[in-house]
Amino acid sequence: MSEVVAYKDSNNNYWDTEVENSTPIKHKSEDALNIMRHDMAHILAEAVISLFPNAKPTIGPFIKNGFYYDFDLESTLSDDDLENIEKKMKEILLEGRDFLKRAVSKKEALEIFKDNKYKLELINNLDNSDEITLYEQNNFTDLCKGPHHKSTKDYKASFKITSVSGAYWRGISTNKMLQRIYATAWYSEKELRVYLKNLEEAKERNHRRLGTDMGLFLLTDLSAGNVFWKDKGLTLYQNIEKYIRSEQQKLNYFEVKTPELVSNELWIKSGHWDNFKENMFTSETDNKTFALKPMNCPCHIVLFNSQLITYKDLPLRYSEFGKCHRYEPSGALNGLFRVRGFTQDDAHIFCSGDQIYDVCNETTQLIERVYKKFGFEKIKYNISTRPEKSIGTQENWDNAENQLKKVLKDNNKEFNILEGEGAFYGPKIEYTLEDSLGREWQCGTIQIDFNLPDRLGAKYKDKDDKNQVPIMIHRAVVGSLERFIAIILENTNGWLPLFVTPIQLAILPVSEKFVDHSNQVKEELQQLGVRTIVDSSDNKLGYKIRNSVSKKIPYSLVMGEKEIESKSFTLRSNEGKNTSFDDIKLLSNFFVSN
RNA sequence: GCCGCCGUAGCUCAGUGGUAGAGCACACCCUUGGUAAGGGUGGGGUCGGAAGUUCAAUUCUUCUCGGCGGCACCA
């Protein structure tokens, strides 16, 4: 067995022979793991073909944590089928397979795969200059550019089929839907078990379950994609809003509230009616057509246009916790992550071209401050630049892109540039945060807009008393409050930051005798701004503690003879640590100042 | 929207062609208890909705609504 498995070029493409600027891939490295997963995809295909001879294999790449393979099959795969496939794969691995590479002519390839229209399509799409290679193992041959290990005997593979789902051929929704088998694969049984355990852990942390257990919200088929907030959930929601509001006030934002239902006259002018009508909820009333706003920006321009604005007013910052509705396809709905009615922590900043830097600088710092406050330290930054189809002068684009880059550089941020990925109306920065399970969530955004103010007739007077069209900067910090709440719930497993958590403290009377006193303490703490409850149930202390912990209440206060006599407060954290406070004010400060 | 799976008590779930069961939660009683489950008794379900097959449907079939895992979509 060779220590070098394959080669990697400067574009992170894998090759089985050395190419220009390539580096060797060492046995059992991260790259080798990917190659092993690709090997396993071939093993999966062989197993499927042996059990379902009429199955048409299509493509089967490695992915994060594993691999998949898409098949066109006559029947749908059941759980039993998956078990049998897995069993077959294990048999194959026990026998071991050597992967033999063979280069063929296009004509030969077309002949070999004449019964598989998918492979034929792939072959016909190859450039004539491309080498066509096959990998063979046992009696299974696949069209594949490789590379592969020489043999499955070079390593021990621990894998598990995780799911089967539909997937469109070539990812195009008008194409036939194939059956995709997902699996995970590792070099050891231990790593496999750890991965599967993490999957379980993620399931446990599911925000829907936490939302039910903690009594935060209700999702019902009475309004799919819309949230019924319960009192505790609304407290959380309002606390987040309150915190962001206070940060925005420091930056001279003007908070506004615009209607959710607006005449389509506005949407026609803004262009949304032409482009997104299908995704808007509409209503016919008084012989007029209205639509629930899918975004706030046109409404903010309506406000902007209602007054005479001069250069002295700029930058003018309108913020809104704006309730927006979008008709999302039924299959896209997903708990609080993807809903039809959501609240953007939105703002539109009207400014002149030379104010872009300052505005974006304060905004990027705001975004980072807010993420930190919620415990997110790892943030990724992307700048998206001018796409082919776009409006605005090259000068404006260059200016805006350069200022965005300068902002991130001056703040010592590393960032990726996504060439041509900007919106047609301007470039943007996107902020992606990483949670404690390693998942990434794109939340914040800053988008420069050269289009909408002009389109809706926004103008301000410059120093020479001439009308100018302002530049509008769209920005959101957490994006959608609903989605952000789901993210922080899963990130913390329900142990929300103290300053937003709906109930901060549970007072636990040791027996009924202390309930009255507990209620008095609760009243006092409530007056001091602490969110607290008393557990006056007829349960023992241990039971009450267990209860408050399982409801994710971060602190409890045991109330009994000792506490009343010593006139002190012993705070118990959910992990069981105790801290003593001599005075109720000091105790309340612990909660209020956090 | 598409493919697959799923929908039974407030929650988590079991179950059957003859109209249902567990644990937790809840109520009441006993216990007045000191840091993660004390004991007993009891109430609670049009088995997501509609239609069909059948002597009989929660169970089988079709349609429909909703959820989940993906795919597609995400201004």
Side-chain angles (χ1 to χ4, degrees), chain A residues 63 68 70 72-73 75-79 81-82 162-182 199 203 206 208-209 211-215 218-225 267 270-280 293-298 324 326-335 337-340 342 423-425 428 442 445 447 449 451-452 474 479-480 483 506 508-515 537-551 556-563 570-578:
Chain A
I63 51 173
Y68 68 78
D70 287 349
D72 187 4
L73 281 156
S75 59
T76 57
L77 293 169
S78 66
D79 288 352
D81 292 332
L82 294 184
T162 49
S163 65
V164 60
S165 69
Y168 298 109
W169 166 235
R170 309 198 113 191
I172 298 165
S173 60
T174 47
N175 280 351
K176 182 165 187 190
M177 184 155 271
L178 308 170
Q179 293 185 64
R180 173 171 298 178
I181 301 175
Y182 281 99
L199 272 190
K203 250 188 228 167
N206 188 309
R208 301 167 197 89
R209 178 194 297 263
T212 305
D213 291 351
M214 296 168 72
L218 175 72
L219 297 170
T220 126
D221 54 8
L222 288 171
S223 185
W267 309 115
S270 71
H272 291 99
W273 196 254
D274 278 345
N275 294 311
F276 303 107
K277 189 169 58 183
E278 303 308 311
N279 301 306
M280 289 162 73
K293 66 176 170 186
M295 46 178 41
N296 306 298
C297 23
C324 296
R326 296 179 187 177
Y327 175 79
E328 301 284 359
S330 58
L333 299 178
N334 184 344
F337 284 137
R338 188 90 176 263
V339 288
R340 287 179 174 154
F342 57 97
F424 77 92
Y425 51 76
K428 61 181 173 186
Q442 199 247 298
T445 180
Q447 302 186 10
D449 191 336
N451 173 52
L452 207 54
H474 309 247
S480 136
R483 182 163 169 272
L508 312 178
V510 171
S511 78
E512 204 190 325
K513 281 186 282 185
F514 309 104
V515 169
S537 68
D538 180 28
N539 289 309
K540 292 196 174 178
L541 184 60
Y543 195 92
K544 291 183 182 183
I545 286 171
R546 188 187 136 80
N547 239 332
S548 77
V549 170
S550 67
K551 281 186 188 150
S556 57
L557 201 58
V558 174
M559 197 56 69
E561 197 68 50
K562 286 189 236 161
E563 286 73 18
T570 305
L571 200 59
R572 181 193 192 279
S573 76
N574 66 62
E575 294 112 348
K577 284 185 207 147
N578 289 325

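All values derive from a computational prediction rather than experimental measurement. Chain A is the first sequence line, chain B the second, and so forth, proteins listed ahead of strands; every chain is numbered from 1.
- Remark: the separation of the C1' atoms in B:G7 and B:G48 is 6 Å, to the nearest Å.
- Paired regions of RNA chain B, where each region holds three or more successive Watson-Crick or G-U pairs whose two hydrogen-bonding distances fall under 3.5 Å, are B:1-7 with B:65-71, B:10-13 with B:21-24, B:26-30 with B:38-42, B:48-52 with B:60-64.
- Between the P atoms of B:U16 and B:G43, the separation comes to 26 Å (whole Å).
- Taking the P atom of each, B:G17 and B:U12 are spaced 26 Å apart, rounded to whole Å.
- With P as the reference atom, B:A56 and B:U19 are 14 Å apart, rounded to whole Å.
- Between B:G10 and B:C26, the two C1' atoms lie 8 Å apart (nearest whole Å).
- Only the C1' atoms considered, B:G18 is 24 Å distant from B:U62, to the nearest whole Å.
- Distance check on atom C1': B:C6 versus B:C47 gives 14 Å, rounded to whole Å.
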Could you write nucleotides 34-43 of chain B as a row of B, S and -, 5' to 3', where a protein heavy atom under 4.0 Å of any base atom gives B, of only sugar-phosphate atoms gives S, and otherwise -? BBBBS-----
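- The distance between atom CZ of A:Arg340 and atom C1' of B:G1, rounded to the nearest whole Å, is 11 Å.
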How does protein reach along nucleotides 69-75 of chain B, written 5' to 3' as B (base within reach of a heavy atom under 4.0 Å), S (only sugar-phosphate), or - (no contact)? BBBBBBB
Show your reasoning for whether side chain to side chain donor-acceptor pair (under 3.5 Å) applies to A:Arg208 and A:Asn334. CA-CA 10 Å; A:Arg208 301 167 197 89; A:Asn334 184 344; 2.2 Å; yes
